[in-house]
Amino acid sequence: MEERLKIRALRKSYDHPNGGERCLVLDDVSLTVGKGELISLVGPSGCGKSTLLRIIAGFETAEVGVVEFCAKPVSGPSPERGVVFQSPVLFPWLNVRDNITYGLKLRRLSDETIEHLCQRYMSLTGLSDKGDFYPAQLSGGMQQRVALARVLVLEPKMLLLDEPFASLDAPTRMKMQQLLLDVSIKIGLTSLMVTHDIEEALLLSDRVYVLSGSPACVIRELTVPFARPRHLDLVGDSDFASMKREILHALI
Amino acid sequence: MMNKKNRLPVDPLAMVLPIGVLLIWSLCSYFNFLPVYLFPSPVRMFKVGWDFLIGTEGMTPYSGSLLNHLIASLMRVLMGFSLAACLGILLGLLSGRIKRAYRILDPMIQMLRAVPGIGWLPLAMIWFGVGQKTTVFLIALAAFFPIYLNVAHGAARIPMELIQAAQMMGADARVLLRTVIIPASFPSMLVGLRLGMGIAWAYLVLGELTGVANGLGAVMMDARMLGQIEMIPIAMVSIALMGKLCDTLLVKLAKRLHADQEMDR
Ligand SMILES: Nc1ncnc2c1ncn2[C@@H]1O[C@H](COP(=O)(O)OP(=O)(O)O)[C@@H](O)[C@H]1O
Ligand SMILES: [Mg+2]
């Protein structure tokens, strides 16, 4: 399989807030993501999952190690790697349509192309009738759809999702999980998703990396065998339950 | 909050005190309880004010000259305020967004801010002489601080993730400034500009009191010398109305620029 993201022996530390020695957040993290895969990262909270994602996104740099995207070292943020944050982080002064077309307008595209792409991804994410709304007028779930649509519309080579559904209520979260599953298949997405929800990881991903607590390193890598397209009912399956138990034991 | 149905432009309770004062004042004048050279009657005041605007009666030396003075004052305020706005926004954005610029600019600006604006008057008079330039300088100086402080604060407070979101969608530094940093600090920029505009009118009076030929502040000072006491409150009210008008226009303009944002009060 063609490799999209390769991370080898990554190490990252921060200055301790009250001086003194630096605290190590990531220690010798290695992982790969292949084209078309949906990979999950699970780990205890505060272990450094968001830090890892920020490094891949290019917002921060690691001290030691390799971060290669499409065989080139990552040197900064790029629309090739679309990020969905835990909170929607939309531009409150732009309406939904302008939020979604923000990145498109920075490219030299004709108005018709922009309009066409915007329509397509708005309908794909269930936002067709929300174009004129401002973020503050939408529910949390709808805002997160906009956050997803504005990166999908840029047709990124990879999606980086940091606990994207963690702040949503259960029914909305399930709807969004289904949406991500559907969209992934429809447009052949490659994704790396951080989550603390083991069921979510098993439902959505092809493989799961389990990280240990601080400093984080990969302690387990599991291949999720369930056939696609998957459905949320999978949660009741006995194989599903035993994998869930396996991850839980690795985490505790 | 008032009931939407029977909403008046002004709360009736707010009218009680002003009307009461006006009533007592009228009665006192009518029965000659107050010396006229300290408190002219409301009727005379109104007549002189009207004459100041229209100029048909020739009641005072200021008859019909309101517009002249008003425009002279407005020009000074606008000049000083524009200077303050340009510098305040520029330096505010710099020091709000760039750590090193903050370390260079902010301590110096905070130090200068510790001097009350009035304290600059003697120096300004030496540098710029009495009149126009001193007035504009004092206005610009005093209005600069609230604009700078609010812009810097607003720009520094933009959430990191908002910037990162724009970057990962392809924004470079210039695009970032135009599409994220300026719109995100816009509400606090407006707060700063409104405070600055208020202060501009206050310092206009200070500058014009030093002696200029025209302007509402000059009218106040001259009227005292000429014994035209009615003119003083009339000039005061004119300044208050102009200040309010400028504030309203500023908010209107801001709303047009950013229709979606909450900008009331
Ligand atoms: N900018 C920073 N400065 C200092 N410490 C940080 C910074 N960002 C994260 N950390 C620390 O790194 C650790 C991992 O944080 P994070 O990546 O957010 O964890 P997770 O996403 O797994 O919950 C935490 O202990 C946090 O306090
Ligand atoms: Mg996190």
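In what follows, chains are A, B, ... by sequence order, proteins preceding strands, each numbered from 1.
Interatomic distance, OH of A:Y102 versus CE of B:M169, reported as 6.0 Å (0.5 Å rounding). Rounding to the nearest 0.5 angstrom, the gap separating the OG1 atom in B:T179 from the CG atom in A:L94 is 8.5 Å.
Across all non-hydrogen atoms, the minimal contact from A:R81 to B:M168 is O-CB, 4.2 Å. The shortest heavy-atom contact between B:L162 and A:W93 is CD2-CH2, 4.0 Å.
Taking 4.5 Å as the limit, some side-chain heavy atom of B:E161 sits within range of a side-chain heavy atom of A:S87. Between B:M160 and A:F59 the shortest side-chain heavy-atom distance does not fall below 4.5 Å.
Under a cut-off of 6.0 angstrom, the local environment of NZ in A:K175 is sparse, with at most 12 non-hydrogen atoms contributed by other residues, nucleotides or ligands. Other residues, nucleotides and ligands place no more than 12 heavy atoms under 6.0 Å from the CZ atom of A:R11.
Neither the backbone nor the side chain of A:L160 comes within less than 4.5 Å of any heavy atom of chain B. In this structure, no portion of A:R107 lies under 4.5 Å from any heavy atom of chain B. The contact between A:V83 and chain B is made by backbone and side chain atoms together, counting heavy-atom distances below 4.5 Å.
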